[in-house]
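Nothing here was measured: the structure is a model prediction, and the numbers come from that model. A, B, ... follow the sequence lines: proteins, then strands. Residue 1 opens every chain.
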There are 2 protein chains.
Amino acid sequence: MALGKDYASQECSIARALEVVGERWTLLVVRDAIYGVRRYNDFLVHLGIPRAVLSDRLRTLTEQGILEKRRYQETPPRDEYVVTERGTALWPALRALSQWGREHADAGRLRSFRHADCGGEVGPYGTCADCGTAVPVADVVMVPGPELDTSPQDPVSRALSRPKRLLEPLETGPARLAD
Amino acid sequence: MALGKDYASQECSIARALEVVGERWTLLVVRDAIYGVRRYNDFLVHLGIPRAVLSDRLRTLTEQGILEKRRYQETPPRDEYVVTERGTALWPALRALSQWGREHADAGRLRSFRHADCGGEVGPYGTCADCGTAVPVADVVMVPGPELDTSPQDPVSRALSRPKRLLEPLETGPARLAD
DNA sequence: CGAATGGGTTCAGTGAACGAACCGACAGTG
DNA sequence: CACTGTCGGTTCGTTCACTGAACCCATTCG
């Protein structure tokens with residue numbers, strides 16, 4: 001961890017996890033990656049994070065095998081950051097934090113998560129309220145709630161204010177004019 | 001959050017949660033509180049955290065209603081910090097982080113969590129592997145694993161290296177000589 | 001009396017985060 | 001060909017949180 005020292009004295013898997021993803025912004029970058037954000041500029045405008053910090057987090061997460069840097073076009077060379085299996089394994093932790101935030105930090109219903117197969121809501125333990133199965137990340141659909149701002153400025157927030165299956169790449173629209 | 005700015009631009013319950021518990025050390029303080037640590041000095045020696053930071057975290061967590069400051073003796077005046085319902089509600093997130101740390105950050109089995117009623121292991125979704133029920137925090141027993149240091153120096157680590165039910169106060173032994 | 005304990009506060013030094021500026025490669029426009 | 005814009009960064013000065021050590025006060029033990 002970057003802040004001065006790590007949690008070396010802690011014999012604890014929570015501390016080990018926080019050494020990897022406990023820095024400021026890191027979990028939000030992973031969250032965005034699971035939501036389908038892949039490009040440097042999309043992370044930048046959506047998070048409002050300083051460029052130097054974003055570069056550092058993307059590099060660290062890539063080194064840790066949580067993201068994978070992938071060239072998606074050659075001229076000009078452009079890379080995207082795709083979340084790996086190791087990264088999607090953080091989804092239960094993020095979902096639990098999201099749940100806690102909803103119930104204990106703002107009380108708003110900004111987004112909800114639903115099971116793609118049957119439409120049931122994903123409950124506090126990650127299982128579908130309707131069919132009871134433990135829903136894998138790829139089968140989760142993020143649905144905007146009533147308290148989510150309906151007219152955000154940046155294209156990334158706009159793309160994330162529509163229902164969207166997790167892990168699928170984000171279509172930010174005005175990226176390549178040829179579309 | 002304390003580092004320069006908060007995550008104000010983020011319309012996201014994960015960001016709201018991280019504003020409250022996302023600072024360095026904060027989640028480890030909550031973890032210790034759930035493990036049964038209650039006293040300033042016990043947090044101090046177990047976490048190896050600077051005093052000023054610990055004071056700040058305890059004050060902030062108390063203001064947020066995650067811990068409750070409670071006077072347990074009058075002469076001399078002594079307070080303890082007890083985790084509230086709002087604090088124990090963070091357990092699913094901590095358990096998920098712990099799970100990720102075990103599988104993706106160190107591969108060691110430092111501790112495991114078991115269902116007090118039937119002894120079954122608490123699985124990745126917080127349910128008991130044996131009887132299938134979603135195990136509430138108070139019914140979780142923390143069991144030291146094979147890779148945990150068996151002879152730690154400080155009394156808090158020693159108390160936590162024996163099987164122990166979560167939320168129950170820690171007995172650190174040489175605290176009050178009259179016992 | 002002197003030493004130890006519990007629960008802090010204060011302070012100087014360091015290092016990370018912040019924001020703004022800059023940069024290089026390329027693409028499209030006039 | 002020059003101009004403008006986009007993408008993915010790096011560099012740099014300032015600010016601010018974390019760190020470790022020292023200090024403090026009330027009380028209690030020997």
Side-chain angles (χ1 to χ4, degrees), chain A residues 1-9 18-19 22-26 28-29 37-62 67 69-81 154-156 170 172-179, chain B residues 1-9 18-19 22-26 28-29 37-62 67 69-81 154-156 170 172-179:
Chain A
M1 189 166 187
L3 284 177
K5 269 178 45 175
D6 53 17
Y7 298 125
S9 71
L18 289 176
E19 282 179 17
E23 281 180 310
R24 185 156 160 71
W25 295 111
T26 302
L28 293 185
V29 171
V37 177
R38 295 186 169 187
R39 293 160 60 164
Y40 186 92
N41 230 44
D42 288 348
F43 285 107
L44 195 69
V45 302
H46 187 234
L47 292 171
I49 179 179
R51 289 169 165 274
V53 179
L54 177 59
S55 297
D56 179 80
R57 295 298 181 275
L58 290 175
R59 187 173 40 74
T60 306
L61 286 171
T62 303
L67 300 181
K69 191 171 185 170
R70 211 153 65 182
R71 172 106 358 148
Y72 68 87
Q73 74 179 27
E74 285 298 337
T75 57
R78 289 286 179 267
D79 297 318
E80 60 183 3
Y81 297 88
D154 66 286
V156 182
L170 207 62
T172 43
R176 277 147 296 187
L177 302 179
D179 291 350
Chain B
M1 189 169 189
L3 284 177
K5 269 179 44 174
D6 53 18
Y7 298 124
S9 71
L18 289 175
E19 280 179 20
E23 280 180 310
R24 183 156 161 73
W25 295 111
T26 302
L28 294 185
V29 171
V37 177
R38 297 186 169 187
R39 293 160 59 163
Y40 186 93
N41 231 44
D42 287 348
F43 286 108
L44 196 69
V45 302
H46 187 234
L47 292 172
I49 179 178
R51 288 168 167 276
V53 178
L54 177 59
S55 297
D56 178 80
R57 297 295 182 273
L58 290 175
R59 187 174 40 73
T60 306
L61 286 170
T62 303
L67 300 181
K69 191 171 186 170
R70 211 153 65 183
R71 172 101 5 139
Y72 67 88
Q73 75 180 26
E74 286 297 336
T75 58
R78 290 285 180 267
D79 297 317
E80 61 183 3
Y81 297 88
D154 67 286
V156 182
L170 207 64
T172 41
R176 277 147 296 185
L177 302 177
D179 291 350

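Residue B/N41 has its side chain nearest to C/dG7 when only C/dG7, C/dA17, C/dT9 are considered. In the set C/dA17, D/dT27, C/dC26, D/dT27 carries the atom at the smallest distance from any side-chain atom of B/P77. Which of D/dG8, C/dT9, D/dT11 sits closest to the side chain of B/Y40 comes down to C/dT9. Each of C/dG7, D/dG8, D/dC18 was ranked by its minimum atom distance to the side chain of B/R24; first place goes to D/dC18. Distance from the side chain of A/R78 is smallest to D/dC7 among C/dG7, D/dC7, D/dG9. With D/dT19, C/dG19, D/dC7 as the choices, the nucleotide that has an atom nearest any side-chain atom of B/P50 turns out to be D/dT19. Between D/dT10, D/dT19, C/dC18, one nucleotide has an atom nearer to the side chain of A/S55 than all others, and that is D/dT10. Of the candidates D/dG20, D/dG9, C/dA27, C/dA27 carries the atom nearest the A/P76 side chain, counting heavy atoms from C-beta on.
Atom pair A/L44:CG and D/dT10:P shows a separation of 13 Å (rounding to whole Å applied). A/Y7 has its OH atom 10 Å from the P atom of D/dC18, to the nearest Å. For the pair B/R57 CZ and D/dT19 C1', the computed distance is 12 Å after rounding to whole Å. Rounded to an integer number of Å, the gap from B/D42 CG to C/dG6 P is 8 Å. Per the geometry, CG belonging to B/L47 stands 11 Å off P belonging to D/dT19, to the nearest Å. A/L54 places its CG atom 12 Å from the P atom of C/dA17, with the value rounded to the nearest Å. Between A/L58 atom CG and C/dA17 atom P the separation is 13 Å, expressed in whole Å. Atom CZ of A/R71 and atom P of D/dG9 are 9 Å apart (whole Å).
Remark: B/N41 pairs with no residue by the side chain to side chain donor-acceptor pair (under 3.5 Å) rule, at least two apart or across chains.
Judged by the 6.0 Å and 45° rule, B/R24 forms a cation-pi pair with A/Y7.
Nearest heavy atom pair, residue A/L54 against residue A/Y40, reads CD2-O, 3.5 Å. Among all heavy-atom pairs drawn from B/V53 and B/W25, the shortest one is CG1-CD1, 3.7 Å. Residues B/D154 and B/H46 come closest through the heavy atom pair OD2-CA, 4.1 Å. Across A/F43 and A/V37, no two heavy atoms sit closer than the pair CZ-O, 3.4 Å. Between B/Q73 and B/R71, the shortest heavy-atom contact is O-CD, 3.2 Å.
In this structure, A/D56 reaches neither bases nor backbone, as no heavy-atom distance under 4.0 Å exists between it and the strands shown. Across all strands, A/V53 comes closer than 4.0 Å only to sugar-phosphate atoms, never to a base (heavy-atom distances).
Of the side-chain N and O atoms in B/W25, none sit less than 4.0 angstrom from OP1 or OP2 of D/dA17. Applying the 4.0 Å criterion to OP1 and OP2 of C/dG7, one finds that B/Y72 has a side-chain N or O inside that range. Here B/K69 does not reach the OP1 or OP2 of C/dG7: none of its side-chain N or O atoms lies under 4.0 Å away. OP1 or OP2 of C/dG8 lies within a sub-4.0 Å distance of a side-chain N or O belonging to B/Y81.
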Within the sub-3.5 Å range, which N or O atoms of nucleotides 23-25 of chain D have a protein N or O partner, and how far apart are they?
none

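Both A/A52 and A/E74 lie near DNA chain C, and the one whose nearest nucleotide falls closer to the 5' end is A/A52.
No side-chain donor-acceptor contact under 3.5 Å links A/T26 to the backbone of A/G22.
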